[in-house]
> 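Below is the structure I would like to discuss, written out as structure tokens.
The sequence lines fix the lettering, A, B, ..., with proteins before strands; numbering per chain opens at 1.
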Amino acid sequence: MPVLIFIDTAEGHVKKSSLEALTYGAKVAEQLGTTAEGVVLGSVTDDLAALGKYGVKKIHHAAADALNHFDAQVFAKVLAQVAEASSAKVIVFSNNLSGKAIAPRLSVRLKAGLVSGAVALPDTSNGFVVKKNVFSGKAFANIAVKTDIKIIALSPNAYQTFAGEGSAEVVAFNATIDAAKIKVTGVSKASGEVPLTEAEVVVSAGRGMKGPEHWGIVEDLAKVLHAATACSRPVADAHWRPHNEHVGQTGFAIAPNLYIAIGISGAIQHLAGVNRSKVIVVINKDPEAPFFKAADYGIVGDAFEVVPKMTEAIKKIKGTA
Amino acid sequence: MKILVCISKTPDTTAKIAFTDNNTKFDTGGVQWIINPYDEWYALVRAIELKEADPSTVIHLITVGAADAEPIIRKALALGGDEAIRVNADNHDSYYIASQIAEVAKQGGYDLIFTGKETIDYNGSSIGGMVSELLDLPYVSLAAKFDLAGTKATITREIEGGEEMNEVELPVVVSCQKGMAEQRIPNMKGIMGARTKPLKVVEPVAVDTLTSVAGFGLPPAKAGVKLVSPDNVEELVRLLHEEAKAI
Ligand SMILES: Cc1cc2nc3c(=O)[nH]c(=O)nc-3n(C[C@H](O)[C@H](O)[C@H](O)COP(=O)(O)OP(=O)(O)OC[C@H]3O[C@@H](n4cnc5c(N)ncnc54)[C@H](O)[C@@H]3O)c2cc1C
């Protein structure tokens, strides 16, 4: 009765959030005294056997072309078949954009209790209890899963990936696949940019930047850090920046290693989306800005002077100056 | 066209988060309740826009909750929608709530079911997916755009680092997020009209819950900010590099 981990891919590559799910799933398996197995749907270019270094022993690969386009309904049915064939009792997803679509469907299909947004390993000392974020990161809840089969959707950036040694046995899985009802007619991707929800470092700016024409210094800083850029809600509402950069309670919730907030006051709704960042740096000219209370490091100063200096100092450290 | 919009009652975004009963219950003392912003700003408003484009459209709102959810559902009706259904049940897990919604949906024959992308209290992001599976319907999650031509929906959904365009024949379940529509403020006419719109109360069907809350907790407080002088930006970068190991 292995732990089964859904390995999500994009354009043939395993997503970073899935490596976290793999590491996590392997740890859960160890805890339960069983083995970890992965499942991949659709064609991939990455070497799947190499994923063994994250602790999985076996990978079920349903490589049919019909699975190259995402349809949660179709995917959930195939995953249910794999779960059944492997008699998995715990199924792990990343709670990324795909996980959010499939895990709830699989939960219904298998009548398996789902914890979405898990942030820690299950506590199995008394039942099966998993910690998750609630109230937009302002609190956590311990959720007891009462069913025989359990599904955990792991919050992105909540669990550190760990690669050791090892190789996984890759076995083809012959699935019965329904015709997809959803037709994918196009994809638009900002090329070369780091996706916000997967980024290790995020440079974010607010109304303190005064106007969209001043974003150059924010982008320069993001570039030296290989960071994604984000913004506060009024900035997106005023169309200074695209909507998909809006973080906070009503935008994206992110949990990068480093979040740099420039000219953002730190309203409670903004903090709700970024409070799980590991290190928070605030640059604001107002010493009373509420964001300083939530920060690890800060500079009280003018962003237009501080930010370019920061970019230069980082270039020096990285040896790119 | 018949649309079902799922509405959830959540604490206001500035509500103090605290717990009672040995950390097993959310402390509702002094809490203001609002319509879950994703349900209101994106799901409901987009449904209203579809009705404005095609006045023959019928919008039903559904909430699963006790009688104290009624002010919230009236507020939603003040924005728009023809009638509301409240399934008279206390808060349970997502599976229980989704099962109640699916039961109502089966009887209503809806072409389109909208939910918000998640609630701002439990952050489950699961109801839409569960409802779609219970009804064996296609599901598009985290939609940022939704258009309709006859019975064909064109939907843009968020993917990592970009967007994907989908086409699907109705009926479909869609979870809605930013981009779908702009927030609206109810007007006087809407508020007056909402008082007389039908609000049907139905009893829940018997369903098991799959999970339960064992307890809540608050994250540990931050140690406090370390301030660096604006004349010494290099020191900040050094700290981030050597102490925090963040760059
Ligand atoms: C229901 C609800 C949901 C919301 N959801 C969100 C959300 O998801 N995300 C979000 O961000 N907001 C959200 N908000 C809005 C939120 O309350 C704040 O209004 C918003 O976050 C403020 O954005 P800001 O910090 O960019 O702007 P402001 O509050 O105007 O702050 C600008 C800051 O820039 C500083 N500044 C000015 N000039 C400089 C300079 N030269 N150098 C350095 N600093 C400077 C100022 O001191 C100030 O602190 C929500 C509000 C509500 C009611």
> Below 4.0 angstrom, N of the basic side chain to O of the carboxylate: do A/Asp237 and B/Lys178 qualify?
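A salt bridge is present here (some side-chain N lies under 4.0 Å from a carboxylate O).
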
> Would B/Asp136 and A/Lys77 pass as an ion pair if we require N to O under 4.0 Å?
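Between A/Lys77 and B/Asp136 there is a salt bridge, with a charged N closer than 4.0 Å to a carboxylate O.
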
> Salt bridge between A/Asp296 and B/Lys226, side-chain N to carboxylate O under 4.0 Å?
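The answer is no: the pair does not qualify as a salt bridge.
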
> Could you look at B/Thr209 and say if it's the side chain, the backbone, both or neither that has a heavy atom under 4.5 Å from chain A?
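Both parts, heavy atoms under 4.5 Å.
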
> Using non-hydrogen atoms and a 4.5 Å limit, figure out which bit of B/Ala244 sits close to chain A: side chain, backbone, both or neither.
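The answer is both parts of B/Ala244.
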
> Quick one: what part of B/Tyr38 sits under 4.5 Å from any heavy atom of chain A, side chain, backbone, both or neither?
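For B/Tyr38, the contact with chain A is made by the side chain alone.
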
> Identify the heavy atoms of B/Leu218 and A/Phe140 that sit nearest to each other, and give their distance.
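Closest approach of B/Leu218 to A/Phe140, heavy atoms only: O-CE2, 3.5 Å.
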
> To the nearest 0.5 Å, what is the distance between CD (B/Glu133) and CG (A/Leu110)?
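Spacing of CD (B/Glu133) from CG (A/Leu110) equals 9.0 Å.
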
> What part of B/Pro37 gets within 4.5 angstrom of chain A, counting heavy atoms only: side chain, backbone, both, or neither?
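The side chain, not the backbone.
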
> Going by atom types alone, do B/Thr13 and A/Gln269 pair a side-chain donor with an acceptor below 3.5 Å?
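Result is yes, a qualifying pair exists.
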
> Look at the side chain of A/Lys138 and the backbone N and O of B/Lys16, then say whether any donor-acceptor pair between them is shorter than 3.5 Å.
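No.
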
> For B/Glu235, which atoms come within 4.5 Å of any heavy atom of chain A: side chain, backbone, both, or neither?
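Neither part.
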
> Just give me the residue among B/Leu240, B/Val140, B/Val172 that pairs up with chain A most often, heavy atom to heavy atom, under 4.5 Å.
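Most heavy-atom pairs under 4.5 Å with chain A: B/Leu240.
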
> In terms of side-chain geometry, is the basic nitrogen of A/Lys316 or B/Glu234 positioned less than 4.0 Å from the acidic oxygen of its partner?
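Judged by the 4.0 Å cut-off on N to carboxylate O distance, A/Lys316 and B/Glu234 do form a salt bridge.
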
> Is B/Leu236 close to chain A through its backbone or its side chain, or both, or neither, when contacts mean heavy atoms under 4.5 Å?
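The side chain, not the backbone.
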
> Does the A/Thr185 side chain pair with the main chain of B/Met165, one donor and one acceptor, at a distance under 3.5 Å?
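Such a contact is found between A/Thr185 side chain and B/Met165 backbone.
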
> Check each atom of B/Leu137 against the heavy atoms of chain A and say whether the ones under 4.5 Å are side chain, backbone, both or neither.
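For B/Leu137, backbone heavy atoms alone lie under 4.5 Å from chain A.
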
> For B/Thr211, which atoms come within 4.5 Å of any heavy atom of chain A: side chain, backbone, both, or neither?
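Contact with chain A: backbone and side chain both.
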
> Report, as yes or no, whether the 6.0 Å neighbourhood of atom CD on B/Glu169 holds more than 12 heavy atoms from other residues, nucleotides or ligands.
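Enclosed.
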
> Counting only heavy atoms closer than 4.5 Å, note whether B/Lys245 contacts chain A via side chain, backbone, both or neither.
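Looking at B/Lys245, nothing touches chain A.
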
